[in-house]
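First comes the structure, then the notes that go with it.
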Amino acid sequence: MDYSQFLLLKEELSLVLVIVILFIADLFMSPDAHKNSGKPMLNTMLPVVLLAIHTLITIVPGPVADAFGGMYHNQPIQSIVKSILSIGTLIVFLMAHEWMRRPDTAIKQGEFYVLTLSTLLGMYFMISSGHFLMFFIGLETASIPMAALVAFDKYRHHSAEAGAKYILTALFSSGLLLYGISLIYGSVGTLYFADIPAHLDGNPLQIMAFVFFFSGMGFKISLVPFHLWTADVYEGAPSTVTAYLSVISKGSAAFVLMAILIKVFAPMVAQWQEVLYWVTIASITLANLFALRQQNLKRLMAFSSISQAGYIMLGIISGTSQGMTSLVYYVLIYMFANLAVFTVITIVALRAHKYTLEDYNGLYGTNPKLAFLMTLALFSLAGIPPFAGFFSKFFIFAAAFRSGFHLLVFIALLNTIISLYYYLRIVKAMYINKSDEPIAAFRSDNYTRASLAICTLGILALSIASAVYQSIDKFSFGL
């Protein structure tokens with residue numbers, strides 16, 4: 001065996017090193033009843049610094065690389081997606097600092113960081129897989145630790161219930177997906193992405209294999225009708241974990257789905273575009289209608305994330321390099337905007353124990369900076385110009401329109417108006433509605449400020465930096 005192949009896995013090896021360092025650090029720096037008065041010595045700074053170094057080392061895309069007989073295949077666009085996920089995880093670590101200081105979670109800091117980075121490692125393998133076995137191993141490496149993260153606050157806010165719902169849903173979806181993969185193998189006799197297309201002819205068995213595979217991925221991305229777990233899990237999970245689940249996990253799964261559709265199911269493009277067409281309409285429309293009825297902010301953002309997943313499908317359905325570019329660009333901007341909203345939700349929940357839309361009445365009067373930054377993020381999510389979200393929606397609509405899906409784009413545009421309504425409900429609550437007991441004024445910690453600053457900078461900078469879109473476009477591929 002040529003062990004030099006491992007050197008091609010620079011992102012994965014670097015992340016494994018970070019995980020090992022944090023694991024050892026937690027062993028020696030965790031709380032001890034007989035030392036340091038039982039206070040934890042491990043803090044947010046170490047994982048943030050290590051992850052920042054890892055991101056800087058791996059941020060420059062490497063050349064096309066194949067390892068282990070084609071089971072691992074990496075391209076520059078995949079390295080870009082990994083860097084985006086790393087930056088998002090770094091923001092999540094910053095926003096988690098206040099939560100990690102709480103007495104019941106301070107003793108579990110090491111577990112949080114190691115579990116989160118383990119899911120990220122699984123996403124890395126999933127993104128660079130060139131074989132369905134490698135893909136499935138990466139998918140499960142990303143999914144199983146996520147269940148532990150969802151149930152992290154098992155004695156608070158239905159977190160244990162959310163964890164149970166997530167793991168049961170994940171098991172069911174994995175079963176469907178694995179059954180689809182087994183049908184693919186039974187039909188073509190191989191699991192290598194590069195070898196499968198030559199044996200696909202769109203026969204009923206292969207169509208059924210695709211339906212099972214897509215159903216499993218639909219659960220992971222929370223597309224309608226595979227979305228029913230989303231609101232309960234998002235509400236019950238800790239806000240920081242909800243943010244990670246709604247952005248990092250969803251973004252990686254969406255990119256992998258597009259890559260597999262292009263690489264593996266290219267001969268069946270007519271069949272999978274038909275399926276995606278109706279799933280996209282259902283996801284965007286139903287999620288927006290359900291979001292209108294929500295009072296709990298985390299549930300509202302859960303249905304918002306289902307709707308956003310529908311918009312991401314517009315990039316996938318085109319199957320073109322422009323669609324891939326717009327998808328990656330959309331995920332990047334969605335990451336900054338959604339994490340900014342969840343940072344505010346997290347800090348308000350921790351300081352004021354407020355969770356509903358009505359609780360945010362008059363927030364601008366007591367915490368104007370938080371209200372202003374949340375407004376910027378909501379405007380970006382809604383696609384209001386001149387914020388970055390407008391350009392991400394424009395490019396993803398353009399990719400679908402150029403591929404001939406004119407009616408689909410029109411329906412998506414109508415749904416954008418609906419989404420504008422419920423996003424502006426939050427803005428109205430913060431600026432216009434009055435409250436007899438508004439959220440008290442408070443100062444955020446430096447880590448929370450840093451996460452909000454990074455997110456706001458991303459929202460504003462990406463609205464004027466066209467070079468980012470062009471850089472992604474250089475490495476994208478399509479049918």
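Below, all heavy atoms of this structure are taken into account, side chains as well, without hydrogens, waters or symmetry copies.
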When you measure from the side chain of Asp26 to the backbone N and O of Leu22, does any donor-acceptor pair fall under 3.5 Å?
no

So among Ile316, Leu85, Ile127, which one has a side chain to side chain contact (heavy atoms under 4.5 Å, CB included) with Phe255?
Ile127

Any idea which heavy atoms bring Val150 and Val241 closest together, and the distance?
N-CG1, 3.9 Å

Residue pair Trp272 / Phe214, side-chain heavy-atom distance below 4.5 Å:
no

Euclidean distance, Phe136 CZ relative to Glu140 CD, rounded to 0.5 Å:
4.0 Å

Test item: side-chain donor near acceptor, Tyr355 and Ser239, under 3.5 Å
no

Rounded distance [0.5 Å steps], CD1 in Ile221 versus CE in Met313:
4.0 Å

State, with a plain yes or no, whether a side-chain heavy atom of Phe303 is found less than 4.5 Å away from one of Gln294.
yes

N/O donor-acceptor pair under 3.5 Å between Lys393 side chain and Tyr330 backbone:
no

Passes side-chain hydrogen bond (donor to acceptor under 3.5 Å, both in side chains), Ser392 versus Tyr311? Steps please.
CA-CA 10 Å; Ser392 65; Tyr311 288 120; over 6 Å; no

Tell me, do Leu276 and Leu261 make a side-chain contact under 4.5 Å, heavy atoms counted?
yes

Is Tyr244 close to Leu120 at the side-chain level, that is, under 4.5 Å between some pair of heavy atoms?
yes

Please check this pair: side chain of Thr285 against backbone of Ala282, looking for a donor-acceptor N/O pair closer than 3.5 Å.
no

Smallest heavy-atom separation, Ala412 atom then Phe397 atom, equals CB-CE2, 3.6 Å

Under 3.5 Å, is there a donor-acceptor pair linking the side chains of Tyr364 and Thr375?
no

Tell me whether the centres of the aromatic rings in His406 and Phe401 are closer together than 6.0 Å.
yes

Check the side chains of Asn288 and Tyr422 for a donor-acceptor pair under 3.5 angstrom, ignoring hydrogens and angles.
yes

Nearest 0.5 Å, what's the CD1-CZ distance between Ile333 and Phe395?
8.5 Å

Side chains of Thr346 and Glu98, donor plus acceptor under 3.5 Å:
no

Atom CD in Glu12, atom CD1 in Ile19: separation rounded to 0.5 Å?
10.5 Å

In terms of heavy-atom contacts, Ala337 and Ile459 come closest through CA-CD1, 3.8 Å

So does Phe152 get a backbone contact from the side chain of Lys108, meaning a donor-acceptor N/O pair under 3.5 Å?
yes

Side-chain donor-acceptor contact under 3.5 Å, Lys369 with Ser444:
no

To the closest 0.5 Å, what do you measure between CG (Leu90) and OG (Ser86)?
9.0 Å

Can you tell me which residue pairs pass the side-chain hydrogen bond (donor to acceptor under 3.5 Å, both in side chains) test with a partner in residues 246-257, sequence neighbours excluded?
Ser222-Lys250, Ser246-Asn338

Under 4.5 Å between any side-chain heavy atoms of Phe391 and Ser463, yes or no?
yes

Just verifying a value: how many Å separate Glu111 CD and Thr116 OG1, rounded to the nearest 0.5 Å?
11.0 Å

Would you please indicate if the ring centroids of Phe172 and Trp229 are separated by under 6.0 Å?
no

Would Ser304 and Tyr423 count as having a side-chain donor-acceptor pair, cut-off 3.5 Å?
yes

Intermediate values then yes/no, side-chain contact (heavy atoms from CB on, under 4.5 Å), Ile281 and Val224
CA-CA 9 Å; Ile281 292 175; Val224 174; over 6 Å; no

Looking only at the aromatic ring of each residue, does the gap between the centers of Phe265 and Phe213 stay below 6.0 angstrom?
yes

Count the heavy atoms belonging to other residues, nucleotides or ligands that lie under 6.0 Å from CD of Gln295, then report whether that count exceeds 12.
yes

Under a 4.5 Å cut-off applied to non-hydrogen side-chain atoms, are Ile454 and Phe336 in contact?
yes

Is any side-chain heavy atom of Met335 less than 4.5 Å from a side-chain heavy atom of Ile87?
yes

So does Glu235 pair up with Arg299, basic N to acidic O under 4.0 Å?
yes

For Thr416 and Ala382, the nearest pair of non-hydrogen atoms, with its separation, is CG2-O, 3.5 Å

Please find the pair of heavy atoms, one from Ala96 and one from Phe112, that lie closest to each other, and give the distance.
CB-CE2, 3.8 Å

Side chain of Ser182, backbone of Tyr179: donor and acceptor closer than 3.5 Å?
yes

With a 4.5 Å limit on heavy-atom distance, are the side chains of Lys220 and Val256 in contact?
no

When every non-hydrogen atom of Ala162 is compared with those of Ala237, the smallest separation belongs to CB-N, 3.9 Å

